[in-house]
Amino acid sequence: MSSSPSSSSSSSSSAASRKDAVFIVLLIILWYSTNIGVLLLNKFLLSNYGFAFPIFLTMCHMSACAILSYVSIMFLKVVPPQRIKSRSQFLRIATLSVVFCGSVVGGNISLKYLPVSFNQAVGATTPFFTALFAYMMTRKREAWATYTCLVPVVAGVVIASGGEPSFHLYGFIMCIGATAARAFKSVLQGVLLSSEGEKLNSMNLMLYMAPIAVVVLLPAALVMEPSAWDVVLSLGQEHKLMWILLFINSTMAYGANLCNFLVTKHTSALTLQVLGNAKGAVAVVISILIFQNPVTFIGIAGYTMTVMGVVAYGESKRRYK
């Protein structure tokens, strides 16, 4: 007895949906692995391995992003290539690249002095700075309920700072600066690349921003970290594993950007927001287990308050859109 066309089509569609679900789950696991992995490896290299050169490390990341972005777009055809159409557009991308450099370098510097758990708590305040810069630069206002949700975001970090046993003022300032720069970059990107003809997807934007970042970071590393090259070579001769760690770390930095693009493409904005909030919490737990940094009840309470504020802020934005 032959099966009806409707039953065969429904079984094939359910098989396809299962396949899609498995793909998305694997993609999310890879996204978490690359994001958390690069964060933990950064901390290990900068604090525990004697590789105390955040600018040089960022330059390695950007070099990998430049090379792998070119391979992914031009050869693997992950996304269609988008061309820069004017000198003005190039200058805007260059401006974004410099701000992006500042945020990544600041974040890496903070990891030299702060535990990953506290670094993530401060990083969770990104929505506060995004709302602030959006209002200052575009006069974009949110509902009062949305702004109210930012109070626990900031208050949580203040509480976590008071209860952080490994608090370091310079590291904290760098972390706040990196978080503000990351928010500024996202708002600036919306302002500078707002016209339809100049919009670039995140993969093509990385293709152009990464080489500019390398050009900016190379002289900065030579001037501010002149001993980096000698130390890297001596560490490489002493520990052969260092080259492998540096290669994996730099590749994961690109992988995190690629996975972020793919997860954004294959899931909804709400799913991405929930996953992003959970990712920070997972990174905190794993980092405490690996690095064994001391935590206090006050610190945990402060971080929990910040995350709850971020969740409420996202929900409020969605409701009052």
Side-chain angles (χ1 to χ4, degrees), residues 34-35 38-39 41-43 45-46 51-70 72-73 84 87-114 119-120 122-123 125-126 129-130 133 137 170-193 198 200-229 232 246-247 249-258 260-261:
T34 51
N35 272 271
V38 76
L39 183 68
L41 262 177
N42 283 353
K43 176 63 178 175
L45 287 167
L46 291 166
F51 186 89
F53 304 106
I55 298 174
F56 184 87
L57 183 63
T58 307
M59 188 183 71
C60 292
H61 289 180
M62 291 299 104
S63 299
C65 286
I67 295 165
L68 294 174
S69 291
Y70 186 82
S72 298
I73 294 173
I84 294 179
R87 183 168 176 269
S88 151
Q89 187 185 13
F90 173 77
L91 290 174
R92 292 173 185 183
I93 292 170
T95 304
L96 284 175
S97 183
V98 172
V99 175
F100 180 61
C101 276
S103 71
V104 178
V105 169
N108 285 339
I109 290 173
S110 75
L111 283 172
K112 272 180 68 177
Y113 303 99
L114 299 176
N119 174 279
Q120 288 295 287
V122 176
T125 60
T126 302
F129 290 104
T130 303
F133 287 128
M137 295 168 66
Y170 178 65
F172 177 71
I173 291 169
M174 285 293 104
C175 198
I176 285 286
T179 304
R182 190 160 54 244
F184 180 63
K185 184 248 175 191
S186 68
V187 176
L188 191 64
Q189 185 174 326
V191 173
L192 295 183
L193 302 178
E198 292 189 341
L200 298 173
N201 62 50
S202 60
M203 295 300 295
N204 276 278
L205 188 60
M206 178 59 71
L207 173 67
Y208 295 116
M209 283 202 316
I212 296 169
V214 174
V215 171
V216 171
L217 291 167
L218 180 59
L222 288 171
V223 172
M224 300 175 73
E225 298 174 346
S227 61
W229 303 91
V232 168
L246 197 57
F247 175 77
N249 185 237
S250 300
T251 306
M252 285 176 90
Y254 172 73
N257 284 290
L258 175 62
N260 191 64
F261 169 78

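In this chain, numbering begins with 1 at the start of the sequence shown. Only heavy atoms go into these numbers, but all of them, side chains included; no hydrogens, no water, no symmetry mates.
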Closest approach of C175 to T179 (non-hydrogen atoms, all atoms of both residues): O-OG1, 2.8 Å
Closest non-hydrogen atom pair, F172 against L114: N-CD1, 3.7 Å
Under the salt bridge (charged side-chain N to carboxylate O under 4.0 Å, His left out) test, residues paired with R92 that sit two or more places apart: E198
Pair up each side-chain donor or acceptor in residues 202-213 with any protein partner under 3.5 Å, not counting sequence neighbours, and list the distances.
{"residue": "N204", "atom": "OD1", "partner": "Q82", "partner atom": "N", "Å": "2.9"}
{"residue": "N204", "atom": "ND2", "partner": "P80", "partner atom": "O", "Å": "3.1"}
{"residue": "N204", "atom": "ND2", "partner": "Q82", "partner atom": "OE1", "Å": "3.3"}
{"residue": "N204", "atom": "ND2", "partner": "N201", "partner atom": "OD1", "Å": "3.1"}
{"residue": "Y208", "atom": "OH", "partner": "Q82", "partner atom": "O", "Å": "2.5"}

Look at the side chain of S69 and the backbone N and O of A66, then say whether any donor-acceptor pair between them is shorter than 3.5 Å. no
Is there side-chain contact between W229 and L222, with at least one heavy-atom pair below 4.5 Å? yes
Surrounding CE of M224 (heavy atoms of other residues, nucleotides or ligands, distance under 6.0 Å), is the total greater than 12? no
How many angstroms lie between atom NE2 of H61 and atom OG1 of T251, to the nearest 0.5 angstrom? 9.5 Å
Can a donor-acceptor pair be found, under 3.5 Å and without considering hydrogens, that links the side chain of T95 to the backbone of L91? yes
Without swapping roles, check the side chain of K185 against the backbone of S97 for a donor-acceptor pair under 3.5 Å. no
Looking at every heavy atom in both V122 and T125, which two are closest together, and how far apart are they? O-OG1, 2.6 Å
CD1 (I93) and CG (L192) are apart, to the nearest 0.5 Å, by 9.5 Å
Would you mind reporting whether C60 and N249 have side-chain heavy atoms less than 4.5 Å apart? no
How many angstroms lie between atom CZ of F261 and atom OG of S72, to the nearest 0.5 angstrom? 10.5 Å
Pairs satisfying side-chain hydrogen bond (donor to acceptor under 3.5 Å, both in side chains), at least one member in residues 98-111, at least two apart: N42-N108, T58-N108, S110-N119
May I ask you to test the F53-L45 pair for a side-chain heavy-atom distance under 4.5 Å? no
Minimal non-hydrogen separation, C65 against Y254, with atom names: SG-CA, 3.8 Å
How many angstroms lie between CG in L46 and CD1 in I109, if you round to the nearest 0.5 Å? 9.5 Å
L57 side, atom CG; L246 side, atom CG - distance, nearest 0.5 Å: 6.5 Å
Atom CG of L111 and atom CG of L39: how far apart are they, to the nearest 0.5 Å? 5.5 Å
Between S63 and the options L217, V214, L218, the side-chain contact (heavy atoms from CB on, under 4.5 Å) test singles out V214
What closest approach, in Å, do F56 and E225 show between heavy atoms, and which atom pair accounts for it? N-OE1, 2.9 Å
Contact between M137 and F184 at the side-chain level, heavy atoms closer than 4.5 Å - yes or no? yes
